[in-house]
Amino acid sequence: MTPSSSLVHKLEDYKPSPWLTPEVDLRFELDLNQTVVRADYQVVLASESIQPIFLNGESIEFLSLRIDGAIVDPGDYQVSSSGILIPNPPKPSFRLTIENRISPAGNTSLEGLYKSGSMLCTQNEPEGFRKIVYSIDRPDNMMRFRVTISGEVSLFPVMLSNGNLLDERVMGGKREVLWEDPFPKPSYLFALVAGELVETKDFFTTRSGRKITLKIFVEKGNEEKVSFAFDSLKKAMRWDEDTFGLEYDLDLFMIVAVEDFNMGAMENKGLNLFNAKLVLADKKSATDESFEAILAVIAHEYFHNWTGNRVTLRNWFNLTLKEGLTVFRDQWFTEDMTDPAVKRIKDVLFLKEFQFPEDQGPMSHPILPKSYKEMNNFYTVTVYEKGAEVIRLVSELIGRDKFKKGLQHYLSKYDGQGVTFEEFISSMEEVTGGPIPYLRNWYHRSGTPLLSVKEHYAKDSNEWILDITDTGSGEYPLVFSNSLAVFDRKGTILKEEKRLMSGAHDQIRFSALDENGTKPIISLFRSLSSPIRLDYNQTEEEKQILAKVETDGVSRFFAFQNLIFDWFRKSLESGLEEKFSIILETIADSFERNWDKTYHSFYLSFPGLTQISENIGCYEFQKIQKLRIFAIQTISTTFSNQFQTIFEENRKTIPVQSKEEIGKRRLKNICLYYLLYHPSKRFERLAVAEQREAKHMSEEVSAMKFLLEVDSIEKDKSVQLFFEKWKHDNLVLDVWFAAQVGTGENRLGIAKQLENHPQFNIRNPNKVRSLYFSLARNPLTFHKEDGSGYSFIAERIKTLNEINPQMAAALTKLYSPVSKQKGELPEIAKRELETLSSLPNLSKELGEIVGTILTSL
Ligand code: ARG
Ligand code: ZN
């Protein structure tokens with residue numbers, strides 16, 4: 001059996017590659033439909049005795065195979081649809097030359113070498129390289145690459161690959177370039193880009209004085225939208241030097257903006273490829289959120305140069321080693337560049353809305369998956385975001401200074417190698433001087449730990465005793481960092497402490513506030529110091545005090561959110577709109593506090609339908625929606641004066657990305673949001689004006705979204721106006737598509753119109769995300785009782801399965817919560833998924849996800 005025909009890859013079966021290819025010369029004869037690729041490998045034996053060699057190769061056309069320059073007898077190797085097997089390699093070391101043909105223009109999977117707009121580009125992580133050329137395509141096979149690209153000058157005026165440009169020549173209408181990357185790397189980090197691109201340029205001087213050339217390549221017309229990306233890159237380079245002492249290691253760093261991209265971006269050595277929406281921005285066309293996303297993702301990919309590239313992975317099970325770590329690094333970076341509390345709030349909100357449900361549903365897996373069929377399916381919020389939380393936990397346990405030392409130690413000890421999470425953890429332990437018990441179990445246990453807190457009063461000692469229990473400890477006890485604070489009943493902070501909780505149980509004793517045994521107010525796991533769910537029955541009064549005065553802004557924010565969720569829980573139980581005064585009081589109090597504007601805007605934002613439903617574990621969206629509207633309208637009528645005042649005060653903003661101006665925009669937008677829910681409808685004109693007078697996309701797009709959400713009579717005009725203004729800009733149109741289907745009931749009709757819009761294109765992942773993903777994330781439409789949402793999306797998944805299996809599988813993941821829905825819905829979903837599972841050309845990607853979700857139905 002050949003390695004890749006075994007269906008499931010298991011961690012316990014991992015064995016190092018018996019053969020390696022430390023050197024490779026690649027040659028590309030570019031052509032849109034018939035690119036010829038030749039790989040010339042130095043092959044060396046890496047095990048005791050000679051054994052068969054298997055080279056991966058998929059969807060490529062075999063041409064020829066030579067060993068040490070001589071054509072090999074076709075009887076001495078076998079070519080199949082998954083690769084080439086050489087059963088009896090002649091000796092332990094030789095040159096292997098293989099030629100094959102591929103069709104970039106015919107490759108709609110956007111994996112391997114493919115065409116996007118006027119360029120050819122690659123995406124190889126994790127296993128795209130085998131769609132380009134036969135290779136030992138696994139991360140523990142590191143190669144030094146020399147890459148020759150040849151093609152017509154008129155089609156490919158720019159030709160890029162990793163590393164340094166060694167040679168360039170033009171002969172008879174053909175250009176030929178030679179790139180060399182001095183750093184050995186796995187195939188997944190290889191990149192090639194060729195086409196009609198515009199080059200923009202900047203510089204960065206490292207702290208040791210080396211001058212690095214920075215280049216961003218874009219399609220014609222986008223040259224004016226790169227300055228924010230350059231600034232972000234330079235900030236990231238500086239920050240990595242300042243924080244970890246990490247300098248960039250080549251003389252050239254390139255970024256290419258690609259229109260058709262399955263993911264956010266890719267850290268190929270020296271040549272990062274980006275989804276265009278995460279590079280291109282100007283104040284007219286990009287929201288504050290997209291500016292921040294650009295800053296974070298540019299930093300993320302840049303940080304991979306050390307955590308991922310210089311020290312890489314031994315196998316794909318360990319994906320979180322580079323992703324969790326690099327997400328943590330980019331979160332830390334953004335905390336430093338913006339506001340730590342606000343950034344942490346965003347990250348925790350994201351974790352709770354997306355990762356917690358994944359970990360409670362059919363897709364639940366440990367951050368180190370034990371097995372996979374298709375690795376593409378494991379680029380999950382668990383591997384990334386929970387992975388980052390586990391790294392954050394390490395930094396909480398040992399402190400950020402030790403963490404910095406540990407990371408430096410890890411990078412120098414394992415430079416140039418492919419390693420596992422074990423090497424990372426042990427590096428951290430080596431600088432702190434001792435093992436951290438149970439830490440490794442975080443890599444093996446799935447599900448969000450649920451910690452329950454029981455408290456009782458001990459009369460003899462006049463203490464309050466808290467017993468904290470990890471309810472699911474079992475096979476995998478964990479270690480937690482519990483950052484806590486104690487307040488008196490007036491909200492004065494009395495004490496702050498960081499506690500280590502090792503194993504399933506912890507007991508904490510707190511002195512009562514007076515001789516009568518008055519209970520102190522305790523805030524646990526502040527800023528979510530460990531990635532857990534907490535079951536702690538605090539009284540409403542205690543929560544409210546924390547919601548007002550917790551000195552940790554993150555925990556203060558979540559205390560208020562919990563008051564809101566409690567209100568939903570109670571109201572759903574009683575079937576009535578329960579007393580709302582405590583929420584109104586807390587909001588009233590917030591107006592007195594003089595908080596930072598961005599922070600205040602977050603505090604005031606009312607949780608969305610999905611957030612509410614996930615937090616209270618209720619999936620009756622219609623009921624939640626009714627209550628939600630009641631709540632927002634009540635807030636709106638109670639505070640319409642304050643909202644109007646704040647709106648007016650912040651109305652005029654300057655379109656720059658400064659903390660002050662971002663804060664103003666956010667705060668006035670949240671006020672506008674509440675005002676639009678005012679039953680009188682008299683504030684709709686404010687939104688109309690806001691859209692027309694907007695100086696920044698954050699203003700323009702919010703006004704349109706709000707008018708759509710409240711179903712204003714102005715909404716059609718707003719949508720029309722927006723389109724007329726932005727129809728030339730694909731990235732802005734993505735927002736336009738999304739806004740029309742992302743909220744509200746019965747959006748199927750409009751979705752059907754929009755998918756026939758001339759500017760919609762199912763082959764473009766950003767468009768698929770804007771339309772289909774937004775629709776499937778709109779619970780009122782997607783989970784509608786009659787099942788129409790499920791059938792509609794399933795039909796589109798079927799189409800995508802043929803075009804782009806990765807997108808098909810990702811869209812299917814949105815069926816994960818179907819087993820929790822009421823009535824016929826689980827049955828309908830089951831039927832739809834079963835139909836998908838019997839598709840004639842069912843892709844590995846889709847098959848695995850459909851199968852997993854079906855097990856829950
Ligand atoms: N490594 C890339 C990053 O920085 C993402 C690659 C995603 N690949 C995939 N097949 N989904 O996060
Ligand atoms: Zn990454």
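Order of appearance sets the numbers: ligands from 1, and atoms from 1 within every ligand.
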**Q** Counting C-beta onward and ignoring hydrogens, is there a side-chain heavy-atom pair between Leu800 and Ile762 closer than 4.5 Å?
**A** yes
**Q** For Trp316 and Asn376, indicate whether the former's side chain and the latter's backbone hold a donor-acceptor pair under 3.5 Å.
**A** no
**Q** Looking only at heavy atoms, is any part of Met375 under 4.0 Å from ligand 1, and if so is it the side chain, the backbone, or both, or is it neither?
**A** neither
**Q** Of all N, O or S atoms in Glu323, identify the one at the shortest distance from the Zn ion (ligand 2).
**A** OE1
**Q** When you measure from the side chain of Ser770 to the backbone N and O of Ala738, does any donor-acceptor pair fall under 3.5 Å?
**A** no
**Q** Looking only at N/O atoms, are Asn376 and ligand 1 under 3.5 Å apart anywhere?
**A** yes
**Q** If I take every N, O or S atom of Glu301, is at least one of them less than 2.8 Å from the Zn ion (ligand 2)?
**A** no
**Q** For Lys322, which part has a heavy atom under 4.0 Å from ligand 1: side chain, backbone, both, or neither?
**A** side chain
**Q** Measuring centre to centre across the rings, with the benzene-like ring taken for any Trp, is Phe244 within less than 6.0 Å of Trp239?
**A** yes
**Q** Would you indicate whether the side-chain heavy atoms of Arg777 and Thr610 approach each other to under 4.5 Å?
**A** no
**Q** Is it the side chain (CB and beyond), the backbone, both or neither of Met263 that lies under 4.0 Å from ligand 1, heavy atoms counted?
**A** side chain
**Q** Of the protein's non-hydrogen atoms, which lies at the shortest distance from atom 5 (C) of ligand 1, and what is that distance?
**A** Tyr384 OH, 3.3 Å
